[in-house]
Q: 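Sharing a structure below in structure tokens format, with a few things to ask.
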Amino acid sequence: MSPAVRIGAMVRRLDDGRTLSADPDLVLPLASVGKVLLLGEVARRLADGTLAAGQPVELLDADREVGGTGLLGQLSPRRWTVADLATAVATVSDNAATNALLRLVTLDAVRDLARDAGLRDTTVHDRIRAERGPGVPETFATGTAGELCAFLAAVAQGTWQSPQACGLLRGWLAGNTDRTMVADSIGHDPWSGDGVRVANKTGTDTGVRADTGIVSGRHTVVYAVIAAFAPGEERAAVAELRRWGAAVGRLAGAHRSDNS
């Protein structure tokens with residue numbers, strides 16, 4: 001591994017607890033991986049009935065102009081449902097949808113969710129911004145691989161909040177279209193319901209590549225790998241995430257229905 005790349009990683013197989021890790025308590029920027037916590041708060045509210053999937057939410061000009069990942073800021077409709085926005089955040093990491101949902105559920109509520117889940121060092125600090133300058137948090141979210149794994153382990157096992165909330169969050173993450181990091185080395189077909197299944201969230205920012213998810217094969221595995229790196233080390237960082245992906249694939253094994 002390049003000395004210019006710092007890695008925080010944890011991989012855990014849920015049935016027997018087998019774990020691989022490297023600096024799992026290292027606090028690093030998460031980029032859009034932090035959106036998992038926002039999606040969790042939306043899932044919690046939908047499951048307990050305090051928020052309706054069909055509730056309309058208006059995109060503000062400030063939401064649409066934030067740029068970065070996503071599609072909604074480039075499309076003509078300005079009103080979307082809560083379910084639409086959550087789907088956009090999960091599938092294409094939509095920044096406009098992220099800010100609209102953060103405004104709806106509040107940043108404080110997302111932070112409370114993280115604390116209630118036992119996350120001490122993993123949280124969302126701010127909305128998405130096109131630029132960060134004086135007077136605003138330096139980054140959208142920070143956290144550790146160990147805490148992300150603990151959170152997703154509870155989601156995978158259906159013990160976080162409620163089975164309904166866990167199911168919603170897993171379903172959204174299963175629709176993620178970015179499988180270029182850890183998931184790239186996991187033998188799966190993202191367009192098929194058969195075989196090994198991956199539900200994940202990735203994050204990309206200057207100097208950061210991150211990926212966290214749940215893999216269901218012969219075994220269920222949760223993982224989080226965060227790479228922070230110096231300018232020019234992007235390829236080395238992604239290669240390191242993919243190296244961890246190979247380990248995730250080995251721990252997950254073939255799909256349960258695979259007789260080979």
Side-chain angles (χ1 to χ4, degrees), residues 5 7-11 28-40 42-43 66-75 83-99 101 122 124 128 139-143 145 148-149 151-152 155-156 168-193 195-217 221-229 233-249 252:
V5 179
I7 292 289
M10 177 172 277
V11 181
L28 293 169
L30 297 179
S32 290
V33 161
K35 295 172 184 176
V36 167
L37 299 176
L38 169 62
L39 290 170
V42 175
V66 73
T69 54
L71 295 171
L72 300 194
Q74 303 173 50
L75 302 179
D84 291 336
L85 295 178
T87 299
V89 171
T91 56
V92 293
S93 202
D94 196 286
N95 285 338
T98 297
N99 281 354
L101 285 177
T122 302
V124 175
I128 303 293
T139 190
F140 169 66
T142 54
L148 286 168
C149 267
F151 178 66
L152 286 187
V155 172
L168 282 169
L169 185 51
R170 290 194 305 266
W172 286 329
L173 297 180
N176 182 26
T177 58
D178 184 6
R179 303 291 172 85
T180 62
M181 299 188 204
V182 172
D184 184 73
S185 300
I186 300 170
H188 75 293
D189 180 356
W191 309 113
S192 172
V196 174
R197 299 183 300 279
V198 176
N200 73 319
K201 183 73 192 76
T202 54
T204 300
D205 202 350
T206 303
V208 181
R209 298 292 185 273
D211 191 345
T212 191
I214 302 167
V215 179
S216 302
V221 174
V222 295
Y223 71 85
V225 187
I226 311 159
F229 52 88
E233 296 293 333
E234 291 84 358
R235 290 171 65 89
V238 172
E240 187 66 13
L241 267 72
R242 290 173 177 170
R243 185 180 73 82
W244 279 91
V248 173

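In what follows, residues are counted from 1 in the order of the sequence shown. For the numbers below, each heavy atom of this structure counts, side chains included, while hydrogens, waters and symmetry mates do not.
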Q: Trp172 and Val42: side chain to side chain contact (heavy atoms under 4.5 Å, CB included), yes or no, with the steps?
A: CA-CA 11 Å; Trp172 286 329; Val42 175; 3.8 Å; yes
Q: Grab the two heavy atoms, one from Ile186 and one from Gly249, that are nearest each other, plus how far apart they are.
A: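 That would be CG1-N, 4.2 Å.
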Q: Could you state the interatomic distance from OG1 (Thr180) to CG (Leu241), rounded to the nearest 0.5 Å?
A: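 Thr180 OG1 to Leu241 CG: 9.0 Å, rounded to 0.5 Å.
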Q: Within the structure provided, determine whether Val33 and Asp211 are in side-chain contact (heavy-atom separation under 4.5 Å).
A: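 Side chain of Val33 against side chain of Asp211, heavy atoms only: no contact under 4.5 Å found.
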Q: Which atom pair, heavy atoms only, marks the closest approach of Ser185 to Gly245?
A: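 Minimum heavy-atom separation between Ser185 and Gly245: CB-C, 3.7 Å.
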Q: Mind listing the closest non-hydrogen atom pair of Ile226 and Pro29 along with its distance?
A: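 In this case the closest contact between Ile226 and Pro29 is CG2-O, 3.4 Å.
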Q: Heavy-atom distance under 4.5 Å between the side chains of Tyr223 and Met10, does that happen here?
A: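 Heavy-atom side-chain distance check fails, nothing below 4.5 Å.
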Q: Side chain to side chain contact (heavy atoms under 4.5 Å, CB included) between Leu30 and Leu148: does it pass, once the steps are laid out?
A: CA-CA 10 Å; Leu30 297 179; Leu148 286 168; 3.9 Å; yes
Q: Closer than 3.5 angstrom, by distance alone: can the side chain of Arg170 be matched with the main-chain N or O of Val155 as a donor-acceptor pair?
A: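 Judged by distance alone, yes, a pair lies under 3.5 Å.
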Q: Are any of the side-chain heavy atoms of Met181 and Arg242 separated by less than 4.5 Å?
A: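 Not touching, per the 4.5 Å side-chain cut-off.
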Q: Would you say Lys201 and Ser32 are linked by a side-chain donor-acceptor pair, where the criterion is simply a distance under 3.5 Å?
A: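 Per modelled atom types, Ser32 and Lys201 side chains form no pair under 3.5 Å.
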Q: For Thr139 versus Thr142, what's the shortest heavy-atom pair and its separation?
A: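 Nearest pair, atom of Thr139 first, then Thr142: CG2-CG2, 3.5 Å.
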Q: Quick one, Val221 and Ile214 - any side-chain contact, counting heavy atoms below 4.5 Å?
A: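 They are not in contact (no side-chain heavy atoms under 4.5 Å apart), so the answer is no.
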Q: Shortest non-hydrogen contact from Leu169 to Val36?
A: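 Taking every non-hydrogen atom into account, CD1-O, 4.3 Å.
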Q: Would you say Asn95's side chain and Gly67's backbone share a donor-acceptor pair under 3.5 angstrom?
A: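 Flag set: sc Asn95 to bb Gly67 pair under 3.5 Å.
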Q: Less than 4.5 Å apart, any side-chain heavy atom of Leu173 and any of Asn200?
A: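 When only atoms from C-beta onward are counted, Asn200 and Leu173 do not touch, as no gap falls below 4.5 Å.
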Q: Dump the intermediate steps for side chain to side chain contact (heavy atoms under 4.5 Å, CB included) on Leu38 and Val124, then the final yes or no.
A: CA-CA 8 Å; Leu38 169 62; Val124 175; 5.8 Å; no
Q: With a 4.5 Å heavy-atom cut-off, do Ile7 and Trp244 have their side chains touching?
A: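 Touching, per the 4.5 Å side-chain cut-off.
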Q: So how far is it from Leu101 CG to Leu39 CG, rounded to the nearest 0.5 Å?
A: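 Between Leu101 CG and Leu39 CG, I get 7.5 Å after rounding to 0.5 Å.
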Q: Considering only heavy atoms from C-beta outward, does the side chain of Thr212 approach that of Leu152 to under 4.5 Å?
A: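 Yes; the side chains approach each other to less than 4.5 Å.
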Q: Would a distance-only check, ignoring hydrogens and angles, find a side-chain to backbone donor-acceptor pair under 3.5 Å from Thr69 to Asp94?
A: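 No, because the side chain of Thr69 does not come within donor-acceptor range (under 3.5 Å) of the backbone of Asp94.
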Q: Identify the heavy atoms of Ala141 and Gly34 that sit nearest to each other, and give their distance.
A: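 Result for this residue pair: CB-CA, 3.8 Å.
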Q: Measuring only between side-chain heavy atoms, which start at C-beta, is His188 closer than 4.5 Å to Arg179?
A: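 They are in contact (side-chain heavy atoms under 4.5 Å apart), so the answer is yes.
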Q: Which value, rounded to the nearest 0.5 Å, describes the distance between Lys35 atom NZ and Phe140 atom CZ?
A: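 Answer rounded to 0.5 Å: 6.0 Å.
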